[in-house]
Amino acid sequence: MKKETEILILGAGASGLMLAALLERDDYLIVDNNPKIGSKILVSGGGKCNITNGNLKAKNYLGEQRFVRNVLKRFDNYDLLAWLEERRLKPIVRKNHQYFCEHSAKELVSVLEREIARKKVLLNLEVKEVKRAKRGFEVITNRGTIVAKKIVVATGGLSFPKLGATSIGYEIAKSFGHKVSTLSAGLVGFTVQPEEFFFKALSGIAIEVTVTVGEKVINGSLLFAHKGISGPAILDASLYWQKGKIAIDFIPSVNLEAVKSSKKNISRVLGLPNRVAKAFLEKLNVEDRACKELDAEEWKKVETLKWYSFAPAGTFGYSKAEVTKGGVVLDEVDASNMMSRKVENLYFIGEVLDVTGELGGYNFQWAFSSAYVCAKGLNR
Ligand SMILES: Cc1cc2nc3c(=O)[nH]c(=O)nc-3n(C[C@H](O)[C@H](O)[C@H](O)COP(=O)(O)OP(=O)(O)OC[C@H]3O[C@@H](n4cnc5c(N)ncnc54)[C@H](O)[C@@H]3O)c2cc1C
């Protein structure tokens, strides 16, 4: 196969599809290694895709704040919702201002699909390398070569390899002299060290906690998991964790001073599910009996539940991570059109860039906002 096109979009994920949908020209092709488009969108948000968030700020992202702000303001959450509504998709708001598809993530993929001519999409096509050619770029794939004048790298990050994720975007960037910051799994659960192996026996139970990672304080749910800990608060904490300790308040709504004279057993006043309370008391070596009978030494141990500090062993890794932290360094990309500042006609959008959003729809919003800015540049 030998093809030629003016614009070649690498990746039919959130950012690539939105870009194709917004292009006001039809001299483009979009390629993806999957057998269908929007693979990650389809599994996201528990199958309902958390599209965006009603509360959108640059500070919801790791990444150079001015760059992020400049891109988001061009196509923010309201612009996205209006764009979708014009196409008869009206997402519903759930807790924490999160907007989801009403029934299924397929609703979003269908909207994007309708905006893109079917013959523009080449599937089961894996990009292996991009080289400079006489008239632009030569893209080497598993099914031959495609020559393109402009290339948009929309190949996402490393998370969920089973949905097609590869390192190609970072490799292309590096081969053209771009810096790629350190990559790691983000929005992911933590594995634990032997001292916390007792968490595993609580697998499946969720509780409300406050997690502190460095300067960052996060309130939300923690889910005890087979491999360690997960849940929204932990996923967000993973964005700010490098190595070292985190602290968890397992009983954020409990005032221990107020219960010290209670006749109730200590396991009953912690506001924790019985199994969790019992597991922690056993770990702390505190016998479960009336609060007023506990001595000062025992209260000291119970108080550690308010600041349970430990070092996770690591994360669940890319196979379970929702995103990849790090990416193509922003100061080498033009925020006005997403074009490389090093190589003319080479563009980067979406997760491949060094921008990572918190949990809550921020990563799709970034994919769509960066696609919009790129589309405006290419439509000019
Ligand atoms: C399980 C899960 C749930 C998520 N839920 C949410 C959520 O609810 N809300 C939210 O905001 N974010 C969510 N995310 C994150 C979100 O999916 C990503 O941030 C977003 O999809 C990034 O968009 P993108 O276009 O940059 O990359 P992607 O959507 O990953 O698209 C990149 C595309 O490029 C293709 N590709 C990669 N390498 C090659 C290659 N060599 N050749 C050809 N094609 C290639 C990939 O197969 C993929 O289709 C979730 C992620 C996961 C894994």
Side-chain angles (χ1 to χ4, degrees), residues 8-21 29-53 56 60-61 77 80 91 94 96 98-101 105 108-109 112 121-130 139-143 146 151-172 185-189 230 232 235 239 316-325 327-328 338 348-371 374:
L8 183 64
I9 304 169
L10 310 182
S15 63
L17 291 172
M18 182 56 105
L19 171 61
L29 287 174
I30 174 165
V31 301
D32 200 282
N33 54 356
N34 281 308
K36 59 182 179 206
I37 62 169
S39 299
K40 252 184 215 174
I41 298 176
L42 291 170
V43 302
S44 66
K48 295 200 171 177
C49 182
N50 181 190
I51 300 171
T52 187
N53 198 291
L56 179 71
N60 297 115
Y61 295 84
N77 45 353
L80 173 63
R94 294 218 221 132
N96 300 328
Q98 292 168 272
Y99 283 83
F100 285 83
C101 290
L108 175 59
V109 175
L112 295 167
V121 189
L122 303 178
L123 296 172
N124 293 310
L125 191 141
E126 174 149 9
V127 176
K128 304 275 190 195
E129 194 185 352
V130 177
V139 179
I140 318 296
T141 80
N142 59 335
R143 286 165 48 202
I146 307 175
I151 295 281
V152 183
V153 180
T155 45
L158 296 172
S159 58
F160 266 62
K162 68 176 179 196
L163 293 178
T166 73
S167 58
I168 191 70
Y170 308 116
E171 286 163 29
I172 296 168
L187 296 182
V188 65
S230 186
L235 299 196
L239 293 186
F316 294 177
Y318 287 116
S319 65
K320 294 273 190 285
E322 290 201 7
V323 288
T324 300
K325 284 194 277 177
V328 177
M338 311 311 287
F348 296 95
I349 56 174
E351 198 182 313
V352 73
L353 289 161
D354 187 6
V355 176
T356 311
E358 293 173 351
L359 199 74
Y362 296 106
N363 286 295
F364 280 131
Q365 179 66 52
W366 172 254
F368 298 142
S369 297
S370 57
C374 185

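Counting convention: from 1, in listed order, for ligands and their atoms alike. All values reported here derive from a predicted model rather than from experimental measurement.
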*Applying side chain to side chain donor-acceptor pair (under 3.5 Å), run through Asn50 and Gln98 and close with a yes or a no.*
CA-CA 6 Å; Asn50 181 190; Gln98 292 168 272; 2.8 Å; yes

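Ligand 1 has no nitrogen or oxygen under 3.5 angstrom from a nitrogen or oxygen of Val352. For ligand 1, the polar-atom distance check finds an N/O of Phe364 within less than 3.5 Å of one of the ligand's N/O atoms. Inclusion of Gly45 in the set of residues having an N or O under 3.5 Å from an N or O of ligand 1 is warranted.
Among Val323, Asn34, Val127, the residue whose heavy atom lies closest to atom 42 (N) of ligand 1 is Val127. Nearest-residue assignment for atom 14 (N) of ligand 1 (options Lys162, Gln98, Glu322; heavy-atom criterion): Glu322. Considering each of Gly157, Ala165, Gly156, the one bringing a non-hydrogen atom nearest atom 27 (O) of ligand 1 is Gly156.
Among all non-hydrogen protein atoms, the one lying nearest atom 24 (P) of ligand 1 is Ser15 OG, 3.6 Å. Counting only heavy atoms of the protein, atom 47 (O) of ligand 1 lies nearest to Asn33 OD1, 2.6 Å. Nearest non-hydrogen protein atom to atom 29 (O) of ligand 1 is Ala14 N, 3.3 Å. Among protein heavy atoms, the minimum distance from atom 5 (N) of ligand 1 is reached at Ser44 CB, 3.2 Å. Nearest protein heavy-atom contact of atom 1 (C) of ligand 1 is Phe160 CZ, 3.6 Å.
In summary, the atoms of ligand 1 found under 4.0 Å from a heavy atom of Glu126, numbered by their order in the structure, are 41 (N), 42 (N). The ligand atoms of ligand 1 that sit less than 4.0 angstrom from a heavy atom of Glu351 are 18 (C), 19 (O), 20 (C), 22 (C), 26 (O). Less than 4.0 angstrom separates some heavy atom of Ile168 from each of these atoms of ligand 1: 38 (N), 39 (C), 40 (C), 41 (N).
Contact annotation for Thr166 and ligand 1: heavy atoms of both the backbone and the side chain come within less than 4.0 Å of the ligand. With a heavy-atom cut-off of 4.0 Å, Ile37 does not touch ligand 1 at all. Residue Tyr362 touches ligand 1 through its backbone alone, judged by heavy-atom distances below 4.0 Å. Contact annotation: for Leu125 versus ligand 1, heavy atoms closer than 4.0 Å belong to the backbone alone.
With hydrogens and angles disregarded, a donor-acceptor distance shorter than 3.5 Å links the side chain of Trp366 to the backbone of Gly350. For the pair Thr324 (side chain) and Leu158 (backbone), a donor-acceptor distance under 3.5 Å is present.
Evaluation of the salt bridge (charged side-chain N to carboxylate O under 4.0 Å, His left out) rule for Glu322 yields no partner, not counting sequence neighbours.
Exactly one residue among Leu112, Asp32, Val109 makes a side chain to side chain contact (heavy atoms under 4.5 Å, CB included) with Ile37. That residue is Val109.
Ligand 1 has at least one atom lying under 4.0 Å from a heavy atom of Ala154. Under a 4.0 Å heavy-atom criterion, Leu163 is in contact with ligand 1.
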